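Structure record follows, encoded as structure tokens.
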Amino acid sequence: MNYIGRFAPSPTGPLHEGSLLTALASYLEAKKHHGLWLVRIEDLDQPRCQQAHEKAILEALEAYGLHWDKTVMRQTDRIDRYTDLFQSLIAQGQAYRCGCSRTDLKSRHALPHYDRYCLLHPANKEPTAVRFKVEQCSGFDDLLQGSQPTPSEGVGDFILYRRDGIVAYQLAVVLDDYEQGVTDIVRGSDLLDETHKQRALQLTQDYPLLKYAHLPLVLAADGQKLSKQTFACALPTEPLEIIKQLKKAMVRLGQIDEKCDIPSDVGAFIQFALDVWDIQKVPKVIKNS
Ligand code: GLU
């Protein structure tokens, strides 16, 4: 099977130094395999997303030489597909409606894992969320993070559709990856725990299981996790600054060292990056410099 990778930003802000790492690594890994690299805009959480950010992300990807294949998919164009999926899961007894509020969950100590109250006492008040009835989970081998056994406490019956009427990320991502024919995912390790949930859904649906490489989080020089704010600024768009940022990303990803001579043109830089790219060189920990 041919390699199909993807980059799936949420347009809650512009492309920044952190998301550039994911974009670049997923692009280079896909192209190293002569595969396709798709871009999907994950804009389901509308209150947090802005079209201006989507535009800025796409423009930045192009300016940084990361040209995607096929047309960009936008999740808000696919609400009907997601709705069909969660309704058919309910019809097959693999998902159920849940009317519990956060306060209900707290009062029953049903956090973090849901106690299946609404599976036993069907919800009769609106609004309801939809939960996936998790029946099988399996560990997996991550290309960068090694063996990831199934969490001993399971993953809990997670939400597919929120009480506030928003389709949950877990449902959309699994259906999109399947329908786009994605074979390999390179993304940040902040999503490592989510992968177990996504695999549970893939298993139920008999979707092909994907290969994963979760990039290490970027840590501050003192080893602390960097706050989102550190990466909040948009990337520069002047040609010289673009090359500097691309070089910084390649250094962070363990592919070149600071002193390396690099091409000064973006297209030539990306070709150079592709020539040297070896995902196994990505360090276990990325230190912010
Ligand atoms: N949209 C998610 C984010 O921006 C990424 C989802 C994924 O790569 O699966 O964090």
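Predicted model, so just to flag it, every value in this text is computed and none were measured. One-based numbering, in listed order, for ligands and for the atoms of each.
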Only heavy atoms of [X], strictly under 4.0 Å: list the atoms of ligand 1 that pass.
X: Arg6; value: 7 (C), 8 (O), 9 (O)
X: Ser10; value: 1 (N), 2 (C), 3 (C), 4 (O)
X: Val173; value: 9 (O)
X: Glu42; value: 1 (N), 2 (C), 5 (C), 6 (C)
X: Tyr169; value: 6 (C), 7 (C), 9 (O)
X: Arg187; value: 7 (C), 8 (O), 9 (O)

Lys/Arg-Asp/Glu bridge criterion (N-O < 4.0 Å) met for [X], [Y]:
X: Asp45; Y: Arg162; answer: yes
X: Lys244; Y: Glu241; answer: yes
X: Asp184; Y: Arg6; answer: no
X: Arg252; Y: Glu17; answer: yes

Qualifying side chain to side chain donor-acceptor pair (under 3.5 Å) pairs, either residue in residues 262-276, two or more places apart: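 Found Gln271-Asp275.
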
Starting from atom 5 (C) of ligand 1, locate the nearest protein heavy atom and write down its residue, its atom name and how far away it is, to 0.1 Å.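 Protein heavy atom with the smallest distance to atom 5 (C) of ligand 1: Ala8 O, 3.3 Å.
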
Within the structure, does Leu191 bring an N/O atom to less than 3.5 angstrom of an N/O atom in ligand 1?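 No, since none of the N or O atoms of Leu191 sits under 3.5 Å from an N or O of ligand 1.
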
Hey, what's the ring geometry for Phe140 with His214, parallel, tilted or perpendicular (30° and 60° as the breaks)?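 Ring orientation, 0 to 90° scale: tilted.
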
For Glu194, is the nearest heavy atom under 4.0 Å from an atom of ligand 1?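 The answer is no, since Glu194 has no heavy atom less than 4.0 Å from ligand 1.
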
Could you pull out all residues at least two apart from Asp69 that satisfy salt bridge (Lys or Arg N to Asp or Glu O under 4.0 Å)?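 Asp69 satisfies salt bridge (Lys or Arg N to Asp or Glu O under 4.0 Å) with Lys31 only.
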
